[in-house]
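Within every chain, numbering begins at 1; the chains are lettered A, B, ... in the order of the sequence lines, protein sequences first and strands thereafter. Side-chain atoms are counted along with the backbone in the values below, which use heavy atoms only and exclude waters and symmetry mates.
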Amino acid sequence: MLNLYNTLTAQVEEFHPLENNHVRMYVCGPTVYDYAHIGNFRTFLFADLLRRYLKFKGYELTHVMNITDIEDKIIKRASEEGSDFREFTTKYINLFFEDWDALGLERPEQIIRATDCVDDMIEIIKRLDANGLTYQSEGSTYYRIAGFDGYGKLSKINFEGNIAGGSERVDADEYEKENVRDFVLWKAAKPGEPSWETEIGAGRPGWHIECSAMSMKALGETFDIHAGGIDLVFPHHENEIAQSEGATGKPFVKYWVHSEFLLAEGEKMSKSKGNYYTVRGLVDQGFSHRAIRYMLLSAQHLKQFNFTLEGLRGAETTVARLQDFRLRLREAKCNPGSNPAMPVLSKRALARFEAALDDDLNVAEALAAIHDFVREVNIALADGTIKDDDQQEMLSVVTKFDTVFNIFGDARQEMLDDEIQALVDERQVARKAKNFARSDEIRNLLAEKGIILEDTKDGVRWKRK
RNA sequence: GGUCGCUUGGCCGAGCGGAUGCAGGCAGUGGAUUGCAAAUCCAUUUACACAGGUUCGAUUCCUGUAGCGACCUCCA
């Protein structure tokens, strides 16, 4: 049984889908005005892990993600570039999914652009209006939070002792509002900005309305899981609840799950501090996507996690070890038959793996189960105690682990080109003849070409640096 | 100003009131293995921020201090 910490109830709860075996999940996606950074991807990788684990548990899944493609920064940057905002955002959406795919995330069943759902937003605003939860001011439409009883139930903010704008992040662009915490649903059109002609006037969507519209359109008025970064709890998700429940009168989401912030070199990532990392920036430095994936997944989502380059170097080694392991296991020449000790070993590893992830996605413990399994199988491979049938079973265990983590890499062995193969063969001949001078010479030569050799009892193996 | 979280060995990170594992990974060191390597395996170095308190016993609970971080309408 999967247990998850639910921000709404502030406790760990057993997960039960609302509808039989079908899980409906919504994840707040990117705002596309720049390259995504690794902090963004921590959240998406967390959602990917949850997604994959739900499927591992046998649930059917409908996972929806939005793309925010209309917003102040987008408008500003697009106009600085002199491009249409739609073209501008399309460019960054494509770049975003290049990173997404390279990091081995599965695509959600539906990906929706905010600007493709303007009609749905208007419908919700009209319903809110009918329920007396909106008011107009200077051409914009606002949400009146005083009219919604449950306001604050997610973030549990004590509004009494709080100073609106106390965070120094004051919005300079203030409109006339009845209450400082009221938020805009529909912003009045301004000259030079994109806008839509609608029943409630010309304008563009507020930040929060898109997620209510898209999630309910794709998943229904009540669904199972809503995920996102911790910073979205307030005000974004609080306001989504106000909008959705204010419109429908039904509970919006059963389980709210949030991932904590990623720190870099011990501090909040920021461009000015020089600890700001993008996926492609790290790849340019020679790091692999798989190591980045491993690293960002290696700490539980409710913990702040400190990203360091040293740690990433370590992840690189770890991930190479896992890939080596899978390859070695696949290629091992085992004797026929089976060893009854082996299934015991894999059952124990899988049980530990699942128990760990059931415990609010304790990835550290799940990875420990994987690493211990790898070591135990390495020993069995060296001893020759692993037989043909076991080999297949062990490989399928690895595959099971990997459906959730996707960190072992591709076990397919590519072919060497003829010239290199000839060198490898020549070296084998030299070794048989105990001509080690020539043998080492060839090994060094291949190393320069980026080919690392391993002499094993089953023959020579090679891999690329 | 209000609310909250974290602090574990060189680094990243689990975990628990003491009885058979002071996880796991990375780095280092020593060893096994290897023609030598690589890979693998084995061993291993003052670990639980600081000061009090509760307890027979605390790294694990409580209080305070310090540092770091989060939210209080840009933010994953």
Does A:Asp372 come within less than 4.0 Å of A:Arg348, counting only side-chain N to carboxylate O?
no
Separation of B:rA38 P from A:Ile451 CD1 (nearest whole Å):
18 Å
Distance-only donor-acceptor test (3.5 Å): side chain A:Arg431, base B:rG35:
yes
From B:rC41, B:rA70, B:rC11, nucleotide with atom closest to A:Ile379 side chain
B:rC41
For A:Met269 and B:rC74, what is the distance between atoms CE and P respectively, to the nearest whole Å?
19 Å
base_contact_polar (B:rC36 base, A:Arg443 side chain, donor-acceptor, <3.5 Å)
yes
Under 4.0 angstrom, heavy atoms only, what part of the nucleic acid is A:Glu267 near: base, sugar-phosphate, or nothing?
sugar-phosphate
Which comes earlier along RNA chain B counting from the 5' end, the contact point of A:Leu453 or that of A:Ala299, where each point is its nearest nucleotide?
A:Ala299
A:Asn40 side-chain N/O to B:rA76 phosphate OP1/OP2 under 4.0 Å
yes
Residue-phosphate contact under 4.0 Å: A:Arg181 side-chain N/O, B:rC72 OP1/OP2
no
Counting only distance, no hydrogens or angles, is the base of B:rA76 paired donor-acceptor with the side chain of A:Arg42 under 3.5 Å?
no
Indicate whether OP1 or OP2 belonging to B:rA38 is found under 4.0 Å from a side-chain N or O atom of A:Lys463.
no
Provide, to the nearest angstrom, the distance between the CG atom belonging to A:Leu302 and the C1' atom belonging to B:rG13.
15 Å
How many Å lie between CD on A:Glu454 and P on B:rG35, as a whole number?
15 Å
Hey, does the side chain of A:Asn362 reach the backbone of A:Gln300 with a donor-acceptor pair shorter than 3.5 angstrom?
no
Report yes if a side-chain nitrogen or oxygen of A:Thr317 is closer than 4.0 Å to either non-bridging phosphate oxygen (OP1 or OP2) of B:rA27; otherwise report no.
yes
With a 3.5 Å cut-off and just heavy-atom distances, do the side chain of A:Asn306 and the base of B:rG13 make a donor-acceptor pair?
no
